[in-house]
Amino acid sequence: MGTQYNPQQIEEKWQAEWENLGIYKAIDNDSRPKFYSLVMFPYPSGDLHMGHMRVYTISDVISRHKRMLGFNVLNPMGWDAFGLPAENAAIKRKLHPESWTKSNIKYMRDEQLKKLGTSYDWDREVNTCDVEYYHWTQWVLLKFYEKGLVYRKSAPVNWCPDCATVLANEQVENGACWRHPETTVEQKMMAQWFLKITAYTEPLLQDLDLLKGWPERVCLMQKNWIGKSVGAELQFTVESKPNVKITVFTTRPDTVFGVSYVVLAPENPLVQELTTPENKEAVENYVKESKLKSELDRMTTDKDKTGVPTGSFVVNPFNGDIVPIWVADYVLMSYGTGAVMGVPAHDERDFAFAKKFNLPITEVISPTGEASGELKAAYTEDGTMINSGNFNGLSNEEAKQKMTDWAAQNQSGGPRVQYRLRDWLISRQRYWGCPIPLVHCEKCGVVPVKEQDLPVVLPLDVEFTGEGGSPLGKNQAWLDVSCPGCGGPARRETDTMDTFIDSSWYFLRYADAKNTKVAFDKKKVDYWMPVDQYVGGIEHAILHLLYSRFFTKALRDCGLVSCDEPFTNLLSQGMVVKHSTISGRIEKMSKSRGNVVGTTDFFKKYGADAARLFTLFAAPPEQELEWSEEGAVGQFRFLGRIWRMVQDLLDANVLGKGSKTKKYFGKTGISSFEGLNSNSKALLQVTHKTIKAVTDDLSRERFSFNTAIARCMELVNALYGFVATSGGGGSTESKGGVAVATGGQSGAASSDLANCSEKDKEVLAFSIRSLLLLLAPMAPHLCEELYQECGFAAEGSDGNGSQNGGATIASIHVAEWPGFVEELTTADEIELVLQVNGKIISKTMVKRGISEEEAKTTAFEDEKIKKKVEGQTPKKVIFVKDRLVNIVV
RNA sequence: GCCUUUGUGUCGGAACUGGUAUACGAGUCGCACUUAAAAUGCGAUGCCCGUAAGGGAUUGAGGGUUCGAAUCCCUCCAAAGGCACCA
């Protein structure tokens, strides 16, 4: 029997065995309570590193724990396989995107995810670039088309020159492409396909309140992204053209008496119409200049305000004031009405603009109710209305309401809600994506492909030149099609879908992954959905999570699913960072930073269990984790410590098949101190305490894997102490109520254990069994191996059943999660802290559950306390049960 | 500029609803085993004063609430992230 812990010898063996046994298969419509555990599926880029492994480890531990708790667990995996890198690899290395993607998937699945010891139900694997999958992506899009959620419009769009395609607003960060932070996004006017996500703005916003299991910051980010502003629309009639009105949106209708000008965005079509001949040249130049500016330049807040007057004027409907119309690029055409009213006294931007161009500044809200003379800055706080006609004297909050009402009654506007969220631009001028199932007919216009003609298959025989648009546009045979409407000549849409569409419904397909008739069976989806626990990176706080919420609501309205929200609970794990020798800083693990730790080498050297444990132990899941070789080796040592102890006990016939010790325990195992000596009692107590603590740590409220492992380490330390003392060598002393060993050696001593009482050995066996069960979700291979070797597997049977080699092997991963007895989780003696004025003076051992009276008496009898309170009368004595007595003098 | 989060030993981090600050691990040191090293087992280890017994300060800084604050409140400082001319 080898006593060396060698993960290589056990890990692959068990991975194969688990697959054989099929213990990770989810069962549709099972009677057990369901638990849908989901992890954001990866893009098959080719090679996962330890940084990637964190999210899979966390999600896997949750799944395994739930399985042991008796849930019917769905823990699936798949591939977000359409996307640019595949296409770029095709251009660069002359590989077809399909073969490149497929070989990456094979490697990542078989050599990386499986070797991590994950518990996926691979029968439900999905791959978004498989025609069996994207067939249904197209089908879903057609459903949305029927609902009027898909439309084409010509609009200024974000163009990334590096990707050679347009991007959605959500994919633009700081004016640059989300994939190419160095590449400034250009604005282009193009006819593009959009998904009407704005039809769901309010539900998307309101239902954030339902997401109690989401991190607050994610909800907040979505809320900010949706950007609801409640205000009013006000209309200003053009003085020279009474039939032309300028509509502005404002959140501050209360400041309308302070309007000293109105500004149009340079792109506003009214600019041309309202510019007087003498201002024409200046305005045209200004508009031309601002078009040349990049989005990024225009967005910088701290640059000087620019603008030119149009020469026209408008009438303020409230007070009849005549104010000039300006053009300025601080007003954006894409938000609100593309026109704003300028109130310098109460808006910082307007204040800067008015100062620069010497426009009047009229104060209409004052904190004191009196005009404060010359303002040095805009006053944006609340106050009392002044200089505002009939509204004077009101609070500005009241005035907001009353003035909006007034505008509505006088045909000059009314209440209006404005959102920042805009429709989702979904077309991409790229090849490696899901074809859009629409055709362009000369006669009929845009016509959807008939359902029975789906899928529109992406042709594989195309040429990749890397220049001049999508290869689809050059594939004449694919391009030509007869119109589904009139049968006449028509042309396929050459744009493909944004890959975020593929990932907006993949979690539904897992419920019924192999269905060839429909996208998914509604019954199955309704059984599994919503996802009970989703785990993924914070980078998708807006993008993927908002899109998926939208899809779920839209599909619900198509009658295809029943839930309102797809993901009940969300865990956003932190990044894995490591010191980079390139930058000299601690940075996110990535190839370009040269700080990656590969999986294969690590698994070979220390095993997947050690990798998993370190990832879980080094930091709480939401926090950043710094990879450290020493720390990881520490976990390898911990596993070795368990391994050696169990092997020694097996060799000594204290455990395992050769022993007479009881191997099968009920859910709570040994649940009484009866007949135990002090050593066994202490060990049993630590065991129950550990079961309680780990159970609590793994619960959703905490997901505190790091402390769960720490608790297991304490149990192992206690076990070593027990073996040493009970074995004969060394003596025992009590420290904090727990027996600990001093001296003695485990290896030699364990053979002495054979002479221990059966009762002691039973406690030891129970304790070890509990340890293995608690650690099983986190270190699945080692725990399974030792569990089987000890013969704990045949629980419930008479113990003679075939174990290794037989068909009836009961894996630890389907064993029942251990229970505990509350009374046995604490020692009967506790340390009572004695304080004077909140300072610790003394400590003393007392019985657990000591009464207030007794505790106080004990405190006043304590020598150190006596000395401290001597000659003073206690004002107050505070007692906290089983914790402390505090004497206030 | 606005919003959010986080500041605890040499390092990663514990301390759940205010009640023994520094669990667990890493590192370092010592002892045992060994011809030796590694591995392993055992022990020590936040800081200052002290030979010791013991004492003192301490959870980014300062203040407050409380018998008692890492934890609650206020101000400030630092770091990370999000939003950013959104009217």
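Predicted model, so just to flag it, every value in this text is computed and none were measured. Naming: A, B, ... by sequence-line order, numbering from 1 per chain.
- Taking atom CE on A:M713 and atom P on B:A14, their separation rounds to 14 Å, with Å as the unit.
- In this structure A:F249 satisfies the ring-ring contact (aromatic ring centres under 6.0 Å, His included) test with no other residue, sequence neighbours excluded.
- Between the side chains of A:Q635 and A:R637, no donor-acceptor pair of N or O atoms lies under 3.5 Å.
- You'll find that the side chain of A:T251 is closest to B:A87, out of B:A87, B:C83, B:U4.
- Ring geometry for A:Y5 against A:W643 counts as tilted: the plane angle lies between 30° and 60°, on a 0 to 90° scale.
- Residue A:E348 contributes atom CD, which lies 8 Å from atom C1' of B:G1 at whole-angstrom precision.
- Distances shorter than 4.0 Å separate none of the side-chain N or O atoms of A:R644 from OP1 or OP2 on B:A39.
- Residue-level contact check: A:L220 touches the backbone only, with heavy atoms under 4.0 Å from sugar-phosphate atoms and none from bases.
- A:F636 has its CZ atom 13 Å from the P atom of B:A26, to the nearest Å.
- Going from the P atom of B:U8 to that of B:A79 covers 14 Å, rounded to whole Å.
- B:U59 makes up no base pair with any nucleotide shown, lacking Watson-Crick or G-U wobble contacts both under 3.5 Å.
- The existence of a salt bridge linking A:D254 and A:R252 is confirmed by a sub-4.0 Å separation between a basic side-chain nitrogen and an acidic carboxylate oxygen.
- When rounded to the nearest whole Å, the span between NZ of A:K864 and P of B:A53 equals 12 Å.
- Side-chain atoms of A:T250 lie closest to B:A87 of the nucleotides B:A87, B:U4, B:G41.
- For CD of A:E216, the number of neighbouring non-hydrogen atoms (other residues, nucleotides, ligands) closer than 6.0 Å is 12 at most.
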Look for any protein N or O under 3.5 Å of an N or O in nucleotides 64-70 of chain B and output each such pair with its distance, or none.
{"unit_1": "B:C67", "atom_1": "OP1", "unit_2": "A:K876", "atom_2": "NZ", "d": "3.2"}
{"unit_1": "B:C67", "atom_1": "O2", "unit_2": "A:N886", "atom_2": "ND2", "d": "2.4"}

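- Using a 4.0 Å cut-off between charged side-chain N and carboxylate O, A:R848 and A:D882 make no salt bridge.
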Problem set entry | Contact letters for nucleotides 6-12 of chain B, in which S counts primed atoms plus P, OP1 and OP2 and B counts the base, heavy atoms under 4.0 Å | ------B

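- We find that CG of A:N706 is positioned 13 Å from C1' of B:C16, with the value rounded to whole Å.
- Pair assignment for B:C83: B:G1, on the basis of Watson-Crick or G-U wobble contacts that are both within less than 3.5 Å.
- The six-membered or imidazole ring of A:Y261 lies near that of A:F353, with a centre-to-centre distance under 6.0 Å.
- Between A:H544 and A:H540, the angle of the ring planes goes over 60°, which puts this pair in the perpendicular group of the 30/60° scheme.
- Taking a pair to require two hydrogen-bonding distances under 3.5 Å in either a Watson-Crick or a G-U wobble arrangement, B:U45 pairs with B:G27.
- Residue A:N717 is in sugar-phosphate contact alone, with no base atom involved, counting any heavy-atom pair closer than 4.0 Å across all strands shown.
- Out of B:C85, B:A26, B:U4, the shortest distance to the side chain of A:Y330 is found at B:C85.
- Contact annotation for A:S229: backbone-only contact, meaning every heavy-atom pair under 4.0 Å involves sugar-phosphate atoms and none involves a base.
- Base-pair partner of B:C33: not found among the strands shown (Watson-Crick or G-U wobble, both distances under 3.5 Å).
- Closest-nucleotide positions on RNA chain B for A:A339 and A:S704 were compared, and the one nearer the 5' end corresponds to A:S704.
- Regarding the sugar-base torsion, B:G9 falls in the syn class, its angle being within 90° of 0.
- Residue contacts for A:R883: at a heavy-atom cut-off of 4.0 Å it reaches the sugar-phosphate backbone alone, with no base atom in range.
- At B:C42, none of the side-chain N or O atoms of A:Y720 fall inside 4.0 Å of OP1 or OP2 (strictly under the cut-off).
- Using a 4.0 Å cut-off between charged side-chain N and carboxylate O, A:K692 and A:E822 make a salt bridge.
- A:R641 forms a cation-pi arrangement with A:Y720, by the criterion of a distance under 6.0 Å to the ring centre and an angle within 45° of the ring axis.
- Ring geometry for A:F357 against A:W326 counts as tilted: the plane angle lies between 30° and 60°, on a 0 to 90° scale.
- Pairing for B:A52 is absent, judged as Watson-Crick or G-U wobble with the two contacts each under 3.5 Å.
- Between A:K588 and A:M575, the shortest heavy-atom contact is CD-SD, 3.5 Å.
- Base engagement by A:R711 is indicated by at least one non-hydrogen atom pair under 4.0 Å involving a base atom.
- Between A:R641 and B:C24 there is no side-chain N or O to OP1 or OP2 distance below 4.0 Å.
- Heavy atoms of A:K839 sit under 4.0 angstrom from primed sugar atoms or phosphate atoms, though from no base atom.
- Look at A:R702 and you'll find a side-chain N or O under 4.0 angstrom from OP1 or OP2 of B:A15.
- Listed candidates were B:A23, B:A14, B:C16. Nearest to the side chain of A:D696 is B:C16.
- Pair check for B:U22 finds none; no Watson-Crick or G-U wobble contact set falls under 3.5 Å.
- Sequence order on RNA chain B of the closest nucleotides to A:I709 and A:R252 puts A:I709 first from the 5' end.
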